[in-house]
Amino acid sequence: MDIIYHGHACVQLVHEGHSVMIDPFLTGNSLATVRAEELEAEYILLTHGHGDHIGDTEAIAKRTGATVISIVELASYMERTTGVKTVGMNLGGTVEVPFARFKMVQAFHSSSITTEDGQIIYMGMPAGFVIEMGGKTVYHSGDTALFGDMKLIGDRHSIDVAFVPIGDHFTMGPEDAVWAAEWLKAKLTVPMHYNTFPPIRQDADSYIAMLAKRDIHGRVLKSGEALTL
Ligand code: NI
Ligand code: MN
């Protein structure tokens, strides 16, 4: 399986011609090396309703016919407002597709959409995903603070690659993300959600060095870079 990082929280999983996109924010993502029009997807997983995560979902789903999978409130909003196909699910549940399994787990964050007239619409709980695909397990935490049940997620699942935010300000920062990596016990930890906007500027290499001090294997993926498992 190839895991491609597109900057921010946008991760693409490709295995035997199947493509899954998580949080496809490309237009307006200062780190993206591809345009939304260049990407193929059969499923789009959304961790929550913020604009830097929904991103280009509508355009990609309409062009490719991809199904959007998210928490029920966000799924029903997307289906009603854009007409894209959705599957709504909730925390703890797993959705199986022919080539993968997507389990939704909790995240500690917020989730809403602000309308043009300033109304804030609740989009359900924010989430992370534990994805089994191509014989590997990938955890994408979504936007989140550090929370103790990352320990549970790490005990419950044998994670090959974990994507964790290090940007701080809107999510946990690097020091908390070291604790997250320790609890998740992934074979490889990859930082995300940093350097896209000024308030989330971070030195990812120093995060990897902090992990190495604790014998945790981390790696920075540059935007557009693929990791082959
Ligand atoms: Ni967010
Ligand atoms: Mn975000």
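Reckoned from all heavy atoms, side chains included, excluding hydrogens, waters and symmetry mates. Being a predicted model, the structure only gives us computed values, none of them experimental. Along the sequence shown, the residues carry numbers beginning at 1.
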Mind checking whether F102 and V14 sit in one hydrophobic cluster, side chains of I, L, V, M, F, W, Y counted as touching below 4.5 Å? no

What distance separates Y5 OH from S223 OG, expressed to the nearest 0.5 Å? 7.0 Å

Would you call V138 and M133 a side-chain contact if the rule is heavy atoms closer than 4.5 Å? no

Taking every heavy atom of V220 against every heavy atom of Y194, the minimum-distance pair comes out as CG1-OH, 3.6 Å

Side chain to side chain contact (heavy atoms under 4.5 Å, CB included) between I71 and L91: does it pass, once the steps are laid out? CA-CA 8 Å; I71 202 133; L91 301 175; 4.2 Å; yes

Within-4.5 Å side-chain heavy-atom neighbours: T67 and T86: no

Linking I/L/V/M/F/W/Y whenever their side-chain heavy atoms sit closer than 4.5 Å, directly or via other members, would V95 and V11 fall into one cluster? yes

Enter the distance from S70:OG to E79:CD here, rounded to the nearest 0.5 Å. 10.0 Å

Taking C-beta and beyond as the side chain, do T196 and D52 meet within less than 4.5 Å on heavy atoms? no

Which value, rounded to the nearest 0.5 Å, describes the distance between L227 atom CG and L229 atom CG? 5.0 Å

Nearest heavy-atom contact between A36 and L26 is CA-CD1, 3.8 Å

So which heavy atom on I113 is nearest to which on G49, and how close? CG1-O, 3.4 Å

Residue pairs, two or more places apart or on separate chains, that pass ring-ring contact (aromatic ring centres under 6.0 Å, His included) and touch residues 10-39: H8-F25, H18-F99

Expected list for residues 156-180: side-chain donor-acceptor pairs under 3.5 angstrom, two or more places apart:
from, atom 1, to, atom 2, distance (Å)
H157, NE2, K103, NZ, 3.1
D160, OD1, K187, NZ, 3.0
D160, OD2, T137, N, 2.9

Check for me, please, whether I4 and L46 land in the same ILVMFWY cluster - side-chain distances under 4.5 Å, paths through other members count. no

So OG1 of T33 and CD of E38: to nearest 0.5 Å the spacing works out to 8.0 Å

The salt bridge (Lys or Arg N to Asp or Glu O under 4.0 Å) partners of E58 (sequence neighbours excluded) come to K62

Path from L31 to F197 over hydrophobic side-chain contacts below 4.5 Å: no

Taking atom CG of L39 and atom CD of Q12, what is their separation to the nearest 0.5 Å? 5.5 Å

Applying a strict under-4.5 Å side-chain criterion to I, L, V, M, F, W and Y, I'd like to know whether M1 and V190 cluster together. yes

Heavy-atom nearest pair, R219 first then L188, reads CB-CD1, 3.6 Å

Where do K85 and G65 come nearest, in terms of heavy atoms and distance? NZ-O, 2.9 Å

Exercise answer: donor-acceptor pairs, residues 143-155 side-chain atoms, under 3.5 Å, sequence neighbours excluded:
from, atom 1, to, atom 2, distance (Å)
D143, OD1, H53, NE2, 3.1
D143, OD1, H193, NE2, 3.0
D143, OD2, H48, NE2, 3.2
D143, OD2, H53, NE2, 2.9
D143, OD2, H109, NE2, 3.1
D143, OD2, H193, NE2, 3.3
T144, OG1, F108, N, 2.8
D155, OD1, K185, NZ, 2.3

Which residues pass the side chain to side chain contact (heavy atoms under 4.5 Å, CB included) test with S206, sequence neighbours left out? D203

Can you sort out the partners of H140 under ring pair (Phe, Tyr, Trp, His ring centres under 6.0 Å), two or more places apart, ordered by chain and number? none

Just how far is it from atom CD1 of I131 to atom CZ of R101, taken to the nearest 0.5 Å? 12.5 Å

Smallest heavy-atom separation, S110 atom then P126 atom, equals O-CB, 3.9 Å

Any non-hydrogen side-chain atom of Y43 less than 4.5 Å from a side-chain atom of V87? no

Is it the case that the side chain of S19 and the backbone of E40 share a donor-acceptor pair, with hydrogens and angles ignored and the cut-off at 3.5 Å? yes

